[in-house]
Structures are given as C-alpha cells and as structure tokens.
Protein chains: 2
Amino acid sequence: MYTVKEVARITGLTEHAVRFYTDKGLVPSVQRNQNNFRMFDEESINWLHGIKCLKQSGMPVDVIKTYIDLCIEGDSTIPQRYTLMMEHKEDALAKLEEAKLHVAHLEEKTALYQDILENRSPDTTNPAHWDRIQHMHGDVFYSRSATR
Amino acid sequence: MYTVKEVARITGLTEHAVRFYTDKGLVPSVQRNQNNFRMFDEESINWLHGIKCLKQSGMPVDVIKTYIDLCIEGDSTIPQRYTLMMEHKEDALAKLEEAKLHVAHLEEKTALYQDILENRSPDTTNPAHWDRIQHMHGDVFYSRSATR
DNA sequence: ATAATACCTTCGTGTTACACGAAGGCAAGA
DNA sequence: TCTTGCCTTCGTGTAACACGAAGGTATTAT
C-alpha cells in the first residue's frame, strides 16, 4: 500500500495531480484508511500509469473517465473504446494541422522582421514579392509598425 | 464609427471576444460614446484584424498585449518585437512536436484495437513484435482490457 | 404616450487541469 | 512536549472566452 507521495514519485505525477485524478474517480481501486488517507495498491498504480499514457496523447480528463468506465465494464466495450479512440485521434490530427499553421505563420513573420532588420524589406513594386506583400496587408502589426 | 456587433461581423470575431479584447486594453483606439457604448473606428478594426492574425499563430493574449504596447512605442522597438516573435515561434515549434507525439501515440493505440477487432492480436512470442508488445505493457488500458 | 424592439452595459459563473497556499489533524521521534 | 512530516479539505488563481441575468437607452410602431 502506497501513500500519495509515494505514488507521485513512482508514477512521475505530482501529488496534486494524483489527488485530482483520484477525486475525479479515475482510479477505481483507490481506498481510504482509518485516517481518511488515500491508499494505493499495485492496481491503482497501473491505472495511474495508464492515465498518464492517455494524457500523453492529449486526451482530456473527462474522456479518460469515460474510457476507464468502459474498461471496467469489460471486453464487450472494446468496439466503443475503439470508436472513442478513433474520434480522439481525429481531434489530435486537427490540432496537429493547427500547430503546423501556427508555425508557418510565424516563419513568415520572423522572416519579414529579419528583412527589416537587415534593410532588405521586400520591394512592393516587384510582382515577384506580391504574395509576401499580400501577407503584409493582412498583418497590421507588420505594416503599421514599419510605416509609422 | 462602429458598434460591437458591427465590428464582430466585420472581423469575424464574436461580440464576447471583441469586448474581451477591448477590456484587456488590446485595442488602443477604441472609445466610448455618451451612453458608455464602445465605439470603433477603422483603426480599431485594423488592430482587431491584427489581433486575430496573431491569435492564429497561437500567441496568448498577454503576449499580444506586450506586442501591441511595443508597436505603439514605435519603430525603435522592432528588435524587441523580433525577439518576442522568435520566442513565440520556439513555443509553437514545441507544441508542434507535442502534437506529432500525440498523433503517433494514437496511431499505435488504434492499430492495436484494430488487431483485436479483427482477431489479429500481436504474437507475444515473436520478437519481431516486441516493440509493439513493449508498448502494450506501458498501456494498461490495452493489456488489462484484453486479458481480463 | 406607451410599448415593443434592438441594441448596449456590467456583473457573475462555468469551462480545463491542475498549482499553490492555508488551516488543521494525526503519529512518531528528540 | 514540541517539532517534523505526512496527510486532509477548502479556496483561489490560471487562459480565453461563452453564456446568461439584470438593467439602461434609443428607435419605431401603434
């Protein structure tokens, strides 16, 4: 039997997180002793490892809760778990695309700043640069600051 | 001069977001009329477009606030803005890597579920499958549900 | 004149996943 | 006995709004 501090060390979670997951009902096998202390056995630790693993895939806690409840129900829920996991994968892919867009945006912004700093600001009369200029017009923070 | 509703339509932001940004001080040129209504001019709308653009790069609001304050200070702050943008780009790249990891995790999980559903669960005695099995052992939610 | 409408305002709460500190209980060692 | 070290619950703060409540104001219709 382990205390909060011990499972925190074992699982690599913080004590706060361990209490949080416990109170959310994500750790089915956790119990209390006479002093109302949370007591964890090996099974609890397995669950916590699993929770950590799912968190690493970006799954929100309430979905993890749903997933765990399905696990407890038994093998009959495997198709539902698969569906849930596929849906979550779609979410993750959408976020990945978003992150790519963010980086692409920032590549352009930083490139424009480099041009200014090295006195190589793009030639607005040269059509070869128009797509960068289009971007500038959409980006108030570049054109305003550079022209004022 | 535009009302909240109008700029919301023009910028594509929600009315809530417009009020939120205004109250956070992100829109320097916004003013109030006799009825204490927020009144926006073309310049306000430009700022809001710029805010939207920065949001699309995933920049948090307090950083946008810092950035705008630097813009108002003038061209002398261009190097600081560049630094800020570069730091934000590093954040965005870190998040991109994280998103890739999430997707990779989920590719494996969903693949394992497909194996179960099609009665093709990996052969635990074949060393060729050991890296998948290692992953299974790390994933309580797979091994527990599949073995119980 | 009055009532309906269409705006606007400022609260205040809920969301996610904890972090952090406060105030207090319990058991063991110096 | 007092300190140490563990635990408990409770309450606040974070980010970026969403949403609703309660109320003010201006225009329009009857």
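This one's a predicted model, so the numbers in the text were calculated from it and none came from an experiment. In the text below, chain A, chain B and the rest are named by the order of the sequence lines, each starting its count at 1.
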Q: Would you call the rings of Y113(A) and Y82(B) parallel, tilted or perpendicular if under 30° counts as parallel and over 60° as perpendicular?
A: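 Because their plane-to-plane angle lies in the 30° to 60° range, the rings of Y113(A) and Y82(B) count as tilted.
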Q: Distance-only, no hydrogens or angles: does the T83(A) side chain make a donor-acceptor pair with backbone N or O of P79(A) under 3.5 Å?
A: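 At least one qualifying donor-acceptor pair exists.
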Q: Expressed as a whole number of angstroms, how long is the span from F40(A):CZ to dC6(D):P?
A: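 Spelled out: CZ on F40(A) to P on dC6(D) is 15 Å.
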Q: Below the 4.0 Å mark, does dC8(C) have OP1 or OP2 next to a side-chain nitrogen or oxygen of T3(B)?
A: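 Yes, because at least one side-chain N or O of T3(B) sits under 4.0 Å from OP1 or OP2 of dC8(C).
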Q: Which residues, if any, of residues 87-96 of chain B bring a heavy atom under 4.0 Å of DNA chain C?
A: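 Residues of residues 87-96 of chain B under 4.0 Å from DNA chain C: none.
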Q: Pair D75(A), I116(B) - check side chain to side chain contact (heavy atoms under 4.5 Å, CB included), show working.
A: CA-CA 10 Å; D75(A) 286 357; I116(B) 302 173; over 6 Å; no
Q: For K65(A) and dA17(C), what is the distance between atoms NZ and P respectively, to the nearest whole Å?
A: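 For the pair K65(A) NZ and dA17(C) P, the rounded distance is 14 Å.
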Q: Could you state the atom-to-atom distance from OH of Y2(A) to C1' of dC6(D) in whole Å?
A: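 That distance rounds to 18 Å.
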Q: Would you confirm whether T77(A), through its side chain, and Q80(A), through its main-chain N or O, come within 3.5 Å as a donor-acceptor pair?
A: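 Looks like no, no N/O pair under 3.5 Å.
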Q: Using the rule that two of Ile, Leu, Val, Met, Phe, Trp, Tyr join whenever any of their side-chain heavy atoms come within less than 4.5 Å, decide whether M39(A) and L26(A) are in one cluster.
A: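 Hydrophobic grouping puts M39(A) apart from L26(A).
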Q: Identify whether L101(A) and L54(B) are in the same connected component of the hydrophobic contact network (ILVMFWY, side-chain heavy atoms under 4.5 Å).
A: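 No: no chain of side-chain contacts under 4.5 Å links L101(A) to L54(B).
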Q: Using atom CD1 of I51(B) as one end and atom C1' of dA16(D) as the other, report the distance to the nearest whole Å.
A: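 After rounding, the reported distance stands at 13 Å.
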Q: Give me the bend of the helix from dA1(C)-dT30(D) to dA30(C)-dT1(D), using the axes of the five pairs at each end, rounded to 10°.
A: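 Nearest ten degrees gives 40° for this helix.
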Q: For T3(B), is there any backbone N or O sitting under 3.5 Å from a side-chain donor or acceptor partner on E6(B)?
A: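 Side chain of E6(B) to backbone of T3(B), a donor-acceptor pair under 3.5 Å: yes, one is there.
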Q: Hey, does the side chain of E87(A) reach the backbone of L84(A) with a donor-acceptor pair shorter than 3.5 angstrom?
A: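 Here the side-chain-to-backbone pair does not exist.
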Q: Nearest-Å distance, CZ (R9(B)) to P (dC8(C))?
A: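 So the two atoms are 12 Å apart, to the nearest Å.
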Q: dC7(D), OP1 or OP2 - any side-chain N/O from R38(A) closer than 4.0 Å?
A: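 No, R38(A) has no side-chain N/O under 4.0 Å of OP1/OP2 on dC7(D).
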Q: Is the side chain of T110(B) donor-acceptor paired with the backbone N or O of M86(A) at a distance under 3.5 Å, no angle test?
A: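 No.
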Q: Given dT9(C), dC7(D), dC18(C), identify the nucleotide with an atom nearest to the side chain of K55(A).
A: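 The answer is dC18(C), which lies nearest to the side chain.
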Q: Look only at the side chain of H88(B) and the backbone of M59(B), and say whether a donor-acceptor pair between them is shorter than 3.5 Å.
A: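 A pair under 3.5 Å: yes.
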Q: More 5' along DNA chain D: V61(B) or Q34(B), using each one's nearest nucleotide?
A: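 Its nucleotide being nearer the 5' end, the pick is V61(B).
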Q: How many Å lie between CZ on F37(B) and P on dT27(D), as a whole number?
A: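 The distance from CZ of F37(B) to P of dT27(D) comes to 10 Å, rounded to the nearest Å.
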Q: Thinking salt bridges, do K95(B) and E98(B) make one under a 4.0 Å N-O criterion?
A: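 Salt bridge absent between K95(B) and E98(B).
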Q: Judged by modelled atom types alone, do D69(A) and T66(A) share a side-chain donor-acceptor pair under 3.5 Å?
A: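 Not at all, the side chains of D69(A) and T66(A) share no donor-acceptor pair under 3.5 Å.
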Q: Expected output is a numbered-order residue list: members of residues 10-33 of chain A with a heavy atom under 4.0 Å from any atom of DNA chain D. What is it?
A: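 Heavy-atom contacts with DNA chain D come from E15(A), R19(A), R32(A).
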Q: Whole angstrom is fine here: how far is it from CE in M59(B) over to P in dA16(D)?
A: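 In whole Å, dA16(D) P and M59(B) CE are 11 Å from each other.
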Q: Taking only side-chain N and O atoms of N35(B), does any of them lie within less than 4.0 angstrom of OP1 or OP2 on dA26(D)?
A: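 For N35(B), the contact criterion (side-chain N or O under 4.0 Å from OP1 or OP2 of dA26(D)) is met.
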